[in-house]
Amino acid sequence: MKLLVIEDEQDLRNTILHFFQQEKYLVEVARDYEEALEKLYLYAYDCIILDINLPGGSGLDLLTKMQASQVAYNVIITSARNSLDDKIVGLDLGADDYLTKPFHLAELNARVKAILRRKQLSGSQLLQLNNLRVDFESREAFVEGTNLTLNRKEFDVLSFFLLNQNKLIHKTALAEHVWGDHTDTADSFDFIYSQIKNLRKKFKDSQAQLEIQAVYGIGYKLIVH
Amino acid sequence: MTLLNRTITYLSAALVVILTVWGVAFYFKMMEEVYDSLDDGLANYKLLIIRKTHDDRYILNKEKFEESNYQLLEVAENVALTAKEEYKDSTMFMEAEMDFEPVRLLTTYFKADNDRYYQLKVVQSMVEEDDLIRSLTYAVILLFVVVVISMFFITKLIVQKIWDPFYKLQQELGKFKLGHTRDFKAPYTSVKEFDSLNKAIENLLADNMQVYEKQKNFIDNASHELQTPLAITTNKVEMLMEQSQDNEQLIEQLYDVLKQLQRMSTLHKTLLLLSKIENKQYIDLEPVDFTSLWRQAIADFSALTAYRSITVEILEKGIFLRRFNPDLARMLVTNLFKNALVHNAAAGGSIHVEITADGFSIRNTGKMEALDAARIFSRFYKESSNSSSTGLGLAIVHAIVKLAGGDISYRYSSPGEHQFKLSFS
């Protein structure tokens with residue numbers, strides 16, 4: 001899997017680079033409009049993480065060029081501007097997703113994985129992990145054929161873990177994934193805790209071969225054997 | 001009242017006064033002329049009658065008016081010599097009219113050829129005063145009507161012509177929208193006063209647009225420039241946490257740092273949002289059905305309300321449809337619902353939403369005492385030390401309601417129940 005990170009902030013670029021290298025991805029970076037354009041012409045990427053504000057040009061212009069080139073690209077826009085207009089324009093120009101800065105690495109990871117999975121499995125939305133099978137389209141999970149019957153939020157939590165296997169997921173990132181902008185709602189952490197309790201119970205009852213482990217008081221980790 | 005109507009009203013009032021004064025003065029002047037001419041005629045008669053007595057003695061015995069318009073009466077010498085010639089108004093029975101009609105009467109004295117003294121009375125029929133007044137009044141009223149009608153059309157024409165630049169400016173100003181209009185050009189006029197008005201307005205609007213743009217740019221810049229370092233720090237801390245999973249103390253402290261970064265980012269975003277609302281950057285309006293927005297909010301939070309066993313009820317007494325900015329409408333409803341949820345009773349509470357034709361209200365169980373209604377909408381006002389609350393939710397609600405020209409009120413409706421009522425006229 002080959003990623004291109006187009007980001008002008010060096011620190012952010014490096015963090016994303018290291019994070020995805022740890023995930024065993026092939027990662028390349030571009031620091032400005034010109035460099036990004038050059039790399040996009042020369043190489044093919046499975047997923048592109050694109051910042052909108054770039055020295056030398058706008059990320060939206062890059063999107064326009066990609067759209068005109070007849071080659072299929074998978075793009076996640078990252079922008080510090082929490083502007084609905086930008087989001088709409090970006091998605092209209094063929095971007096797959098839009099992430100507002102600051103974002104959590106686990107969230108970026110989940111979104112990249114989701115895109116890659118769609119691309120890799122060419123439309124199929126099934127994921128098999130040990131004895132667990134998840135259908136992302138119908139939003140259902142089965143353990144050896146038995147439906148786990150998850151509610152909407154439980155499925156959100158599970159899919160977030162599945163896309164960040166064996167990774168530490170702190171509660172803030174999880175709450176934000178599940179509740180979006182509404183993490184400031186009181187008890188959202190308690191709520192998440194109860195969802196995880198339910199998930200664990202359902203895993204146990206159906207003898208799923210995966211385990212959600214608590215990491216001190218700060219978060220969780222999906223252990224896949 | 002339009003400019004035209006006001007002008008006509010003032011002019012008509014002035015005309016009533018002027019025409020009344022004119023009518024009265026004209027009446028008296030005319031009466032004076034009539035008397036003058038009548039009295040001249042009577043004086044002439046007198047001379048003719050006296051001359052006739054020289055030729056015809058019998059006339060001296062004519063003691064009744066009868067068919068002619070004079071009578072003679074013999075009087076004592078001393079009476080004739082002391083009395084004065086007198087013109088006065090009187091009445092006389094007229095056979096034709098079968099009524100007493102006004103006449104002008106001349107009473108005079110003279111010494112006839114026979115050395116006796118006579119009193120001579122000569123009458124002349126006169127116009128009827130009330131007839132004259134009536135005719136005059138009609139004439140004045142007719143004049144008034146004709147003048148007012150012609151004035152109406154003249155004024156209309158003048159107002160249209162003279163105030164044309166003003167109306168054009170008014171039209172242009174009606175189209176002006178801060179944030180939408182890039183360049184405001186007042187219509188050209190050669191009238192000096194309107195030209196200076198246009199220039200003043202152009203300058204005023206140019207300043208306004210500039211301030212608006214500056215503020216908008218500041219908000220955009222602040223958003224970008226501050227969120228970027230926050231993004232970098234957040235991700236670095238996350239990387240550090242990933243790497244220090246064996247060290248409980250370190251990872252917990254790193255998580256505290258992360259939570260504070262998160263809080264900073266949320267606060268910053270929320271404050272920017274408030275500024276954006278107050279700077280009127282949400283300008284696009286479209287019809288918004290608040291019932292479906294409320295249903296959406298209730299559905300969005302259903303997992304959380306179910307988890308906290310809070311019962312949610314929505315009562316639709318009417319349909320509240322209004323032209324609103326869709327983003328702001330969503331924020332308004334979400335923030336109100338969140339507020340009702342965050343400050344709800346520990347367990348088994350309730351939220352009641354009521355929608356009417358001109359607004360909606362939300363009522364929730366919570367603290368067993370009334371909140372400070374005067375401060376509840378101010379920024380960073382917190383009733384509890386709940387750290388997950390930014391203290392800005394109701395400030396945003398308030399800003400949105402004000403911007404949309406509505407009203408919001410807080411009421412401690414019954415023990416432990418808090419209600420927010422929003423109405424838009």
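Per chain, numbering begins at 1; letters A, B, ... match sequence-line order.
Contacts between B:T334 and chain A at a heavy-atom distance below 4.5 Å involve the side chain alone, from C-beta outward. Contact annotation for B:D327: only side-chain heavy atoms (C-beta onward) come within less than 4.5 Å of a heavy atom of chain A. Residue contact with chain B, scored on non-hydrogen atoms closer than 4.5 Å, is absent for A:Q195. Both the backbone and the side chain of B:E252 come within less than 4.5 Å of a heavy atom in chain A. Both the backbone and the side chain of A:K171 come within less than 4.5 Å of a heavy atom in chain B. With a 4.5 Å cut-off on non-hydrogen atoms, B:L254 does not touch chain A at all. Neither the backbone nor the side chain of B:Q249 has a heavy atom closer than 4.5 Å to any heavy atom of chain A.
A pairwise comparison of heavy atoms in A:E28 and A:Y45 identifies OE1-OH, 3.1 Å as the closest pair.
With chain A as partner, the option from B:E242, B:K259, B:M241, B:E225 having the largest number of non-hydrogen pairs under 4.5 angstrom is B:E242. In terms of heavy-atom pairs under 4.5 angstrom with chain B, the leader among A:H104, A:R13, A:H18, A:E176 is A:H104. Each of A:K153, A:H170, A:K101 has some count of heavy-atom pairs under 4.5 Å with chain B, and the biggest count is that of A:H170. With respect to chain B, the highest number of heavy-atom pairs below 4.5 Å among A:V215, A:L108, A:I218 belongs to A:I218.
Remark: the A:S58 side chain and the A:N53 side chain contain no N/O donor-acceptor pair separated by less than 3.5 Å.
Under a 3.5 Å cut-off, the side chain of B:S265 and the backbone N or O of B:L261 do not form any donor-acceptor pair.
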Verify side-chain hydrogen bond (donor to acceptor under 3.5 Å, both in side chains) between A:Q165 and A:K221, making sure each step is shown before the conclusion.
CA-CA 7 Å; A:Q165 294 166 25; A:K221 199 186 230 183; over 6 Å; no

Before giving the answer on salt bridge (charged side-chain N to carboxylate O under 4.0 Å, His left out), spell out for A:D156 and A:R139 the whole-Å C-alpha distance, their side-chain angles and the decisive distance to 0.1 Å.
CA-CA 9 Å; A:D156 285 343; A:R139 295 175 63 87; 2.8 Å; yes

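Under a cut-off of 6.0 angstrom, the local environment of OH in A:Y216 is crowded, with over 12 non-hydrogen atoms contributed by other residues, nucleotides or ligands.
Here A:N74 contributes atom CG and A:C47 contributes atom SG; the two are 6.0 Å apart, rounded to the nearest 0.5 Å. Interatomic distance, CD of A:E107 versus OG1 of A:T100, reported as 10.5 Å (0.5 Å rounding).
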